[in-house]
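This report concerns only the one structure given below.
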Amino acid sequence: MKMTRRQFLQTLTLAGVSTVVHAGSKGNSDYVSKGVGHEQNLVAHINEVEAARQLGQAYLDVYEDEATKDSLLMHLPISDERHQLIIKLEQHVREDYDQGLLCCLDGWLLSRTEGRLYALFVLTASEA
Amino acid sequence: MITDANDLPNGHLVNTDICIIGAGVAGITLAREFANSDLQLTLLESGGLSHEPAVQTLYEGEYNARDYRFDLTTSRLRYFGGTSNHWAGNCMTLQDADFEQRDWVQHSGWPIRKSELTDYYHQAAKICELGRYQLDAYNNPGILPGPLTPYDNKRLWQDVMQSSPPTRFGTRYREDIMQADNILTLLHANVIDIRPNEAATSVHELSVVNDVGKKFVVKARYYILACGGIENARLLLHANQQHQNRLGRTPDLIGRFYMDHPFVWAGVFVETSGDSTTYFQRRKTNSGKYIRGVVGISPDMQRQHGIANSSIAITPLSYLAAKRVEELKELVDLDTDKQMHRLLTERPTGRIGRWLDRLRVRLGWRSSEPRLHLVFVRPEQVPNPDSRITLTNKLDRLGVPKVRVDWTLTEFDRRTMDKTLQIFAQETGRLGYGRIKNILGDEPVLPEKIRGGPHHMGTTRMHDDPEQGVVDRDSKLHGLDNFYIAGSSVFTTSGYAMPTLTIVALTLRLADHLKQKIR
């Protein structure tokens with residue numbers, strides 16, 4: 001499946017973690033999650049569903065040993081506070097690139113953290 | 001003096017001290033080094049002073065099916081000045097690491113170090129009419145095309161390509177050759193045989209034919225073959241056919257290890273922030289010369305990933321210049337040409353340009369959406385004995401067999417392409433510049449569309465061991481004491497640098513060697 005132009009730009013080109021966690025689109029001052037699972041926090045700001053699903057599925061196909069929520073969450077940062085979470089995610093992404101921890105998803109050379117986030121989105125969305 | 005061999009009588013004999021075969025970049029450079037000396041020099045050129053279609057057909061041959069955009073008759077020019085007559089003028093030096101033996105690159109390692117060429121590179125820069133010149137661009141940021149990008153130089157090496165005007169050697173240096181009393185230049189003089197002495201320890205004479213079929217002979221104390229990366233091998237292979245493989249110590253090596261610089265559209269760069277492509281743009285320096293930034297893979301990364309040298313070029317796109325617009329549209333599923341146009345619009349450069357750009361965005365005259373750029377990878381082709389020049393059964397009108405070029409890349413070359421893109425993606429991601437898409441595909445096969453330089457190299461490679469090279473460190477053919485080769489055919493490895501500057505530098509080095517030897 002090809003991405004549409006909008007999906008392509010919104011999901012993949014908006015720099016760093018904001019590719020999927022687009023702070024401006026859904027964020028609000030009531031963000032702090034209470035009683036919500038970490039995975040929900042992590043994927044809460046993914047605003048381009050189809051492209052994220054496509055990339056996430058590609059990640060799951062390649063990294064079968066990480067194909068559960070628990071194993072994905074083991075590698076992703078945790079924070080109940082939105083701002084902190086984004087900072088941590090961005091830091092993880094940068095560290096991945098710095099250390100060469102990349103994955104190739106449909107040709108896109110992305111950080112493993114980005115790939116895991118998309119994968120988590122797929123698993124989380126399929127439960128919903 | 002420049003004269004036409006068509007005027008020579010049949011059976012004429014030319015006696016000379018030095019005979020240079022081929023009046024291209026190497027031949028003219030070498031001849032100038034001996035101009036007005038005590039030595040008699042004869043310069044043989046197959047063509048005339050300008051392009052002649054009939055002469056050009058002597059380059060006809062076969063090549064394998066790969067999309068080799070520059071075919072054999074158009075990629076080279078057979079007249080005085082040689083291929084410099086359509087040279088683009090791009091100049092770079094090979095890097096120190098290119099000369100070294102790399103355990104992970106089979107057949108790598110020149111018998112000389114780059115330091116032995118340093119002075120010659122400086123002289124070559126003047127001959128190629130470059131501007132202020134530094135050999136080590138990274139440590140001399142004053143000559144770089146722009147501020148250094150914050151790429152980690154342990155990963156990405158920032159290099160610079162300088163532009164020659166370009167120097168047309170045949171016109172720029174014709175007067176030097178004409179005015180030299182000791183140089184006889186014979187046009188329309190085609191070497192059809194290289195005859196060894198009885199013991200095959202030296203070359204005895206050359207058999208030459210002019211355009212009207214009259215044959216004559218050239219006898220020299222020293223011979224230098226300077227006909228280009230393909231023709232050097234062709235003439236030697238043909239001579240060996242006629243003389244039972246007695247020219248050279250390992251005749252089977254002649255024509256092998258043919259290399260070019262593959263040029264591959266490998267990816268798309270979606271630039272989301274920063275000004276990371278300015279460095280790659282061609283710009284004019286204060287001295288009026290053009291330079292352009294190039295980013296290469298550092299020696300550390302080459303070693304770590306077990307790949308060859310490689311460079312990256314980001315093509316600044318304008319919509320009209322984008323030949324692959326349709327492919328791009330398909331790739332990102334864009335709907336209209338208008339959308340494509342907007343995405344591909346080049347980011348202005350310079351302080352004022354950027355200010356205007358920001359203003360346009362603010363006023364809503366232009367979208368601030370991310371830009372798309374094409375990413376091209378130019379890897380060093382690793383030396384491969386199966387990539388080779390051979391002779392066919394078809395003859396040209398002078399009776400010389402036509403060549404077949406089998407340009408053969410390997411999975412190693414493909415791995416270098418992939419890793420190059422990956423390292424570039426790593427750095428652009430780390431710096432938050434954007435993301436890269438690899439369009440080469442998952443399968444480790446060579447892309448269908450690979451263009452060559454066209455830089456023909458390696459077919460008479462330099463090595464101290466006659467089992468591994470055709471010429472020695474002095475560019476002398478192993479086994480013959482008076483026969484030398486000049487040009488890119490002696491390159492042991494190719495790096496990613498365009499070859500002309502190195503051809504000139506190596507030729508100057510050869511000239512010094514000959515001066516010492518003849519003295």
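Labels below follow one simple rule: chain letters A, B, ... track the order of the sequence lines, proteins then strands, and each chain is numbered from 1.
- Across every non-hydrogen atom of B:R430 and A:R94, the tightest pair is O-CG, 3.4 Å.
- Atom CG of A:D98 and atom CG of B:L431 lie 9.5 Å apart (nearest 0.5 Å).
- The nearest pair of heavy atoms linking B:Q426 to A:Y97 is CG-O, 2.5 Å.
- There is no contact between A:E95 and chain B, counting heavy-atom distances below 4.5 Å.
- For A:L109, the parts lying near chain B are the backbone and the side chain together; criterion is any non-hydrogen pair under 4.5 Å.
- B:I436 CD1 to A:C104 SG: the interatomic distance, rounded to the nearest 0.5 Å, is 12.0 Å.
- Looking at B:L440, neither its backbone nor its side chain comes within 4.5 Å of chain A, counting heavy atoms on both sides.
- Of all heavy-atom pairs spanning B:R435 and A:L110, the tightest one is CD-CD2, 3.7 Å.
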